[in-house]
Structures are given as C-alpha cells and as structure tokens.
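Structure, as structure tokens:
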Number of protein chains: 2
Amino acid sequence: MLSKKTKYGLKALTYLASVGTKEPVQIAEIAKHENISQKFLESILLTLRRNGFLGSKKGKGGGYYLIKEPHEIPMTAVMRVLEGPIAMVPCVSLNFYEKCDDCPDEVECSVHKLMLQVRDSALEVYRNNTLADLIS
Amino acid sequence: MLSKKTKYGLKALTYLASVGTKEPVQIAEIAKHENISQKFLESILLTLRRNGFLGSKKGKGGGYYLIKEPHEIPMTAVMRVLEGPIAMVPCVSLNFYEKCDDCPDEVECSVHKLMLQVRDSALEVYRNNTLADLIS
DNA sequence: TATAATGTCTATCGTTTTAGTAGGAATTTC
DNA sequence: GAAATTCCTACTAAAACGATAGACATTATA
C-alpha cells in the first residue's frame, strides 16, 4: 500500500505545480484544497523541503513553493524520499541494497527473480513521469 | 515492502514445484530448507491450501503438495492471495476497488494517474510469470 | 488398537509502523 | 509589538506484522 504520507506529498507537489507561480502557498491552503490534515501535511512538506524539492518562507505571506520546474522533478526522486525504496525487497534495491538473512543464493531465489522484474517495471514508470506529467 | 508472509509463501511454492513429485512434503522439511519459522510457515501453507493452490495430507507421511502444474499458477493469483491487492491504492485496484474519501475526482488526481501506470506495469510482470518461470 | 507423526485451528503477544496530535519556538510582515 | 506563518520535538492510539503456544484431528503402521 501507498502510505498516506506519499499520497499527500504527491498531491501537495501537484497542487504547487498547478498553481504555477513562485509565490509561497500556505500550508493551510494546500491542506484545505486537498482535504489533508494540516498538521500531518506540515511534517510532510518539511521533509520535502529538507530534501530539496521545496523552498519555504516564514511569517505573514509565507508558505511553500517549488524550487525546480515540474518537468525537472522525476517521480523516482519523489517516491524514494516519501515512500522509501522502490524495490519491494532490499535484495533487489538499487539505492538501499541489503542481503537477505535467510537466502543463501540470490541467483537461485525465486523471490529475487520476480521482484527484480517488478522493480524494473516500476522504475520505468517512475522514470517516465515527472511532476509535470501528473498535472491535468 | 513485500511481507514475510508473501516471501515465505513464494519460496514454499517454489520449493514444492522444484521437488516436482506429487508426494506430500512436510512443513518441517520446507521450513528447514528455506530457513523459515515452522509455525509461521504452517499458517501460510494453510491459506495457500484454502485458496486452492495446495493439497494436504494429514498424519504420518503427510504434508503439502501442489494441486496444479507450476505453469498453471500465475503470479497474479499468488500475489493477490498472499500480499493482497496488486494496486498500491484502492482507487486503481481491479479486484479490490474503493473510492478515496478525500479525492473528489479520480480523473484529475495525480496519484491516481501515476498509480494506474504502476499497477499496469506490475500486472504485466505478474501475468508473464507463472510458478514454473521462477524455478531455476 | 496404541502410538507416533503429522496437519488444523484458535488465541495470544511483542514490536514496529502509521497516521496523526499537541504545543510551543522561531521568523517575518505590517 | 502583534499577528501570521513555518519549524521543531515529543507524544500517542490504532493497526499491521511476525511470529509463538498449545490443544485438537487425522492418518499410518507396528
């Protein structure tokens, strides 16, 4: 399952992209427009800022804004920050590789074999989509 | 993340397929060979039996065995039984569809748009793989 | 027919993750 | 200086996960 965090984060990014301006948009406005708990959204926007997707401005007239152009923001990056590894098992992860304790031989492992294909197919989708592709 | 349940279930199925015979294989043997907690594996094999993948025999000389040929067992079916929906959000699920509370319009929704593609790509992988394709 | 070997079933449990909530500190504008 | 905003830390309730325990049912075979 996709976490709410990722879902809300994507929606917030999309909203900011659709607004189009570089003017800061308030958390409250995003939360209201996307039906998200404002406090929860705060923490999500914070991690998006810390990871270089958003800029922010404090005080009156403050808010969040996109740092890059929507077409420069690939879904691979967004998903990795919000949802974590794209692979469903660490032993097929490109960025978060870990060997399985139980599995003596990855080459022979059926789970490895299947999940490698799943990772590749998901990766292709995420690579083919930037934030710009998601606004309608 | 793939659950341990799915991982172990897949490994067990693969092991049964690789053994090849229609003779019952004991839980203990599978558990040992695949480094799985036996008690946990018991419950997994039970759900696989209840869902028509495995047959079982009780008592001495008992165990589990595949009911169908490996090439007749598509990964779509296995994944749905062990892991649940293939879609990452209910609003793009074929078999477990549910509307999102928060989302007023699926057609406009960026999450929907992206996750539809992810579902389709995963589905293609699972449809192209039967249990027979996973044994090496 | 007794016994040992197996699967079946229900209940429970500790840990981790999820999805928030609370409350205040820091910063900026007016 | 007051109001509006983001920033940050800590906490929490509920669910999911990954088992574990123990009794029961069935079967083979000695």
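Numbered from 1 within each chain, the chains take letters A, B, ... in sequence-line order. What you see is a predicted model; the values in this text were computed from it and never measured.
The distance between atom CD1 of B/Ile44 and atom P of D/dA19, rounded to the nearest whole Å, is 8 Å. At whole-Å resolution of the value, CZ in B/Phe40 and P in D/dA21 are 15 Å apart. Rounded to an integer number of Å, the gap from CD1 of A/Ile27 to P of D/dC8 is 12 Å. Distance B/Leu2 CG to D/dA16 P: 17 Å, rounded to the nearest Å. In this structure, A/Glu29 atom CD and D/dT6 atom P are separated by 10 Å, rounded to whole Å. In this structure, CG of B/Asp101 is placed 14 Å from C1' of C/dA19, rounded to the nearest angstrom. Here the C1' atom of nucleotide C/dA26 and the CD atom of A/Glu42 are 13 Å apart, to the nearest Å. Atom CG of B/Leu48 is separated from atom C1' of C/dG7 by 14 Å (rounded to the nearest Å).
Checking the phosphate oxygens (OP1, OP2) of D/dT6, no side-chain nitrogen or oxygen of A/Arg50 falls inside 4.0 Å. Applying the 4.0 Å criterion to OP1 and OP2 of D/dT5, one finds that A/Tyr64 has every side-chain N and O outside that range. One finds no side-chain N or O of B/Tyr8 lying less than 4.0 angstrom from the OP1 or OP2 phosphate oxygen of D/dG18. Remark: A/Lys57 is not in phosphate contact with D/dA4, judged by side-chain N or O atoms under 4.0 Å from OP1 or OP2. In this structure, A/Ser3 does not reach the C/dT17 phosphate: none of its side-chain N or O atoms is under 4.0 Å from OP1 or OP2.
In the set C/dT28, C/dA19, D/dC8, C/dA19 carries the atom at the smallest distance from any side-chain atom of A/Lys4. Closest to the side chain of B/Ser37, out of D/dA19, C/dG20, C/dT29, is D/dA19.
With rounding to the nearest 0.5 angstrom, the NZ atom of B/Lys113 is 8.5 Å from the CG atom of A/Asn129.
A/Ser3 and A/Glu83 are linked by a side-chain donor-acceptor pair at a separation below 3.5 angstrom, with hydrogens and angles left out of the test.
If you check every strand for non-hydrogen atoms under 4.0 Å, A/Gln26 touches sugar and phosphate atoms only. Within the nucleic acid shown, A/Leu45 has no heavy atom closer than 4.0 Å to any nucleic acid atom.
A/Lys39 contributes a side-chain N or O that forms a donor-acceptor pair with the base of C/dG23 under 3.5 Å.
Comparing A/Gly59 and A/Lys5 against DNA chain C, the residue whose closest nucleotide sits nearer the 5' end is A/Lys5. Each of A/Gln38 and A/Lys58 was assigned the nucleotide of DNA chain C with the nearest heavy atom; the assignment lying further toward the 5' end belongs to A/Gln38. Between A/Lys60 and A/Arg49, the residue whose closest nucleotide on DNA chain D is further toward the 5' end is A/Lys60.
Without hydrogens or angle criteria, A/Glu72 side chain to A/Glu69 main chain gives a donor-acceptor distance under 3.5 Å. The backbone N or O of B/Ser43 sits nowhere less than 3.5 Å from a side-chain atom of B/Lys39 that would complete a donor-acceptor pair. Looking only at distances, a side-chain donor or acceptor of A/Thr14 sits under 3.5 Å from a matching main-chain atom of A/Leu10.
For the pair A/Lys32 and A/Glu29, the salt-bridge criterion is not met [side-chain N within less than 4.0 Å of a carboxylate O].
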